[in-house]
Amino acid sequence: MHFEFGHIALILTVTFLVGLLATRLRQSTIPFFILSGIALQGVVDSHSEVISFMSVFGIILLLFMVGLEFSIANLVRARYKILVSGSIDLLCNFPLGVAMGALLGFGMLESLMLGGIVYISSSALISKSLIDLRRTAYAETEYVLGILVFEDLFIAVYLAVISGIASVGAPSWEGISLAILKALLFCGAMLLLALRGRRMLNRILGHESFELFILFIFAFLLVASSVAMALGLSEAIGAFMVGVVISETDFRERVEEVVLPFQQFYAAMFFVTFGLMINYDNFLGIALPGLALVALSMLTKVGTGLWTGRIFGLSKPASLRLGLTLIPRGEFSIIIAGLAAIETGRVLNIADLTAFYVLLLAVVGSMLMKDADRISRRIFPPKARPKQEVPSYAKPDG
Amino acid sequence: MKQVFETDLPGIGKKYTIETPQEERFVLVAHRTGRRELFRFRPEDETPDICLEMDEDTARKMGTLLAGTYFETAPEERTSLVMKEMSIEWLELPEPSTYDGKTIGDLEIRRRTGASLVAVVRKDRVMPSPGPDQELRSCDRLMAIGTAEQVRALVAYLCEGKACTLNLDTSH
C-alpha cells in the first residue's frame, strides 16, 4: 500500500508540473497530461488497480458533466439547426475514420472506433477557446456549439454501443443491433426518470446536508453506471444519462459546482493513465498514416464548416472559421480509445494511433482556432471597407 | 423599436442581438457564469470593432443607467412604479383643497375609486397605513396603491382636475 502511495504522489507531482508548463505555454492541458503519462512509463505501474479505478472514474465524471450541460429543452428548441449541422458533421468525418481503419487493416470494431475518434471534436477545448478568444458573438459560434451538442449526444450512445460490441468480442450485425437496442432502452428509461422523477429528485437534492447531497450524487452516478455495465453497455452512458436527469432538476448549477473539482482531478488522472498505456515505440511506424489522418481530418472538418455555412447562409469567412474551429480533438477521442482498451483488457493498436492523433490535433487545432480569423481573412479578403487587423482584444494575451 | 433576437449558445449562455437605426448590430452575450460581453459590429462587418466585458454587478448597474431607471442617487426622480397589475403613485393635495380637514372615511376613497392610501406625509411627518379617521390637509403628500385604473380614478377625484401627481413619468 505504501508503495502505491508513493507512485500516486509521483504521478500527481509530475502531472502538476506538466500542467503548469501547459498553462504557461497557453496550451490545452490534455496533450500535456498524455505526455506526462508517457514520460512516467516504466516508473509507475500502469496496471495498478487504484490508478485504473481513478481513470475510469475520470471517464464517468467527464461524461456526467457533459450530460449535466446537456439541455433537452435547448435541443428541442434548436432541433433543426442542431440536427442538420450535426448530421453534416457526422457524415463528413465519421466515414473518414472508418475508411482509414479499413485501409490500415484494422478489424471492424477498431475501424468503427477510429470513426468515432476522428469524428468527435473536443467540446472542452473548443468552448474554452471560444470564450478566451472572445468569439462568442461571431455568427458561426452558435453553429459550432450546436454541432458540439449533437456530438455529445451521439458520443454517449456511441460509447454505449461500441463497448457493448467490444465486450462481446467478435462483432456481428446482430450484436451491434442488440447493443443499439439496449442503449436506446436504457436512455429511454432514464429520460422517463428525468421527466417523471423531477419532483422527487428536487426533494432529495434540496436536503440541507451537504454531505448527503454529494453522497446522493455519487451513489446515483455509480448505481446508474453499474446498471449500464450489467446491461453490457458502458458506464459512460450511465454517467451521461444521470447528468441529463439531474440537469432537469433545480439543482443543476449546484451539482456542477460541487462535482467540477472531482471531475478535473479524475479527468487529469484519466489522461495520464492513457499516456501510461501508450507504446510510443510505435509512433514511428504509425507516423505516416497518422499524419495522413491528421491532414485529411482537418480537411473534412473544414468541409463540414463550408457545407453547414452554405446551408444556413453564413458568409464564406464565417463558414471557414466554423470548420477551423471544429478541428481540435481531445478528451472524447481518448475516451473512445481508452475505454475500449480498459473494458476489453487488451491494449489495441488503435490507442497509439489515437495518442499520436490527439497530441497533434489538440495542439494544431488550438493554433488554427486562434488564427481562424486571420486565415479566413486571407482566403476570403473582405472587400471595399478599410482594412482592419484582428481587433487587439481578440489577441490571445490573457 | 427593432426586435431583439435571442439565440442559445449551448454550454456558454445566451446571445442577444439588436440592430440599431444605423444598421450596426449590438450583440450581448450573457454567460452562464454571469459575465456579460457586449460587442458592436459595424454594418456588413463580420468581426466586432468594440468589445466590452463586465461582471454581473457592473452589468446590472450599467443596465439601470442605460435604461434611465437608476435609483440610488435620485430616488425622487421616479415616483411611480408600474408593475404588472399594481400601480403605486405619489400625489399631493392641491392648495387650497376642498378636502382640507376631511377624513379618509368621509371621502369614501376606497368605495369611490377602489384605490387605497398607504401613507400620508405631512411636512416631515410620515403616517403609514392611515385609518378611515385620518384627516387630510392641503399640501399633504399621499401614497396610493391600486390598479392603474383605480389610481387614475383616485387622482381625478382628489386633485379635482388639477395636476397633482408627483410622478414625472408621463407615459401613462
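Note on naming: letters A, B, ... go to the chains in the order of the sequence lines (proteins, then strands), and numbering restarts at 1 for each one.
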*Interface residues of residues 24-38 of chain B facing chain A - heavy atom cut-off under 4.5 Å*: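 At a heavy-atom separation under 4.5 Å, chain A is reached by Val27(B), Val29(B), His31(B), Arg32(B), Arg35(B), Glu37(B).
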*Looking at side-chain heavy atoms only, is the closest gap between Pro10(B) and Phe70(A) below 4.5 Å?*
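They are not in contact (no side-chain heavy atoms under 4.5 Å apart), so the answer is no.
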Just wondering, are more than 12 heavy atoms of other shown residues or ligands nearer than 6.0 Å to [atom1] in [X]?
| X | atom1 | result |
| --- | --- | --- |
| Glu149(B) | CD | no |
| Met62(B) | CE | no |
| Arg110(B) | CZ | no |
| Arg378(A) | CZ | no |
| Glu253(A) | CD | no |

*Not counting sequence neighbours, which residues clear salt bridge (Lys or Arg N to Asp or Glu O under 4.0 Å) with Arg137(B)? List them please.*
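Checked Arg137(B) against salt bridge (Lys or Arg N to Asp or Glu O under 4.0 Å); matches are Glu135(B).
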*State which residues pass salt bridge (Lys or Arg N to Asp or Glu O under 4.0 Å) with Lys14(B); sequence neighbours excluded, sorted by chain then number.*
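Expected list: Glu6(B), Asp8(B).
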_Most chain B-contacting option - heavy-atom pairs closer than 4.5 Å, from Lys81(A), Arg252(A), Glu140(A)_ =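 Looking at each of Lys81(A), Arg252(A), Glu140(A) in turn, Arg252(A) comes out on top.
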*Between chain B and each of Ser315(A), Ser376(A), Pro317(A), count heavy-atom pairs under 4.5 Å; write down the option with the most.*
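Of Ser315(A), Ser376(A), Pro317(A), Ser315(A) has the most heavy-atom pairs under 4.5 Å with chain B.
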Below 3.5 Å, can you tabulate the donor-acceptor pairs from side chains in residues 301-314 of chain A to any protein atom, sequence neighbours excluded?
residue: Lys301(A); atom: NZ; partner: Asp89(A); partner atom: OD1; Å: 2.9
residue: Lys301(A); atom: NZ; partner: Tyr119(A); partner atom: O; Å: 2.7
residue: Lys301(A); atom: NZ; partner: Ser121(A); partner atom: OG; Å: 3.0
residue: Lys301(A); atom: NZ; partner: Glu151(A); partner atom: OE2; Å: 3.1
residue: Thr304(A); atom: OG1; partner: Asn93(A); partner atom: ND2; Å: 3.0
residue: Thr304(A); atom: OG1; partner: Thr300(A); partner atom: O; Å: 2.8
residue: Thr308(A); atom: OG1; partner: Thr304(A); partner atom: O; Å: 2.7

_Separation of Arg321(A) CZ from Glu46(B) CD (nearest 0.5 Å)_ =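 Glu46(B) atom CD to Arg321(A) atom CZ measures 5.0 Å (nearest 0.5 Å).
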*Look up atom CD1 in Ile12(B) and atom CD1 in Ile131(A), then write down how far apart they are to the nearest 0.5 Å.*
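That separation rounds to 4.5 Å.
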Which atom of [X] lies closest to which atom of [Y], heavy atoms considered:
| X | Y | value |
| --- | --- | --- |
| Ala137(A) | Phe41(B) | O-CZ, 3.6 Å |
| Tyr138(A) | Lys15(B) | O-NZ, 3.8 Å |
| Leu9(B) | Thr136(A) | CD1-O, 3.7 Å |

Can you tell me which portion of [X] sits under 4.5 Å from chain B's heavy atoms? Options are side chain, backbone, both or neither.
| X | answer |
| --- | --- |
| Ala78(A) | neither |
| Glu257(A) | neither |
| Arg135(A) | neither |

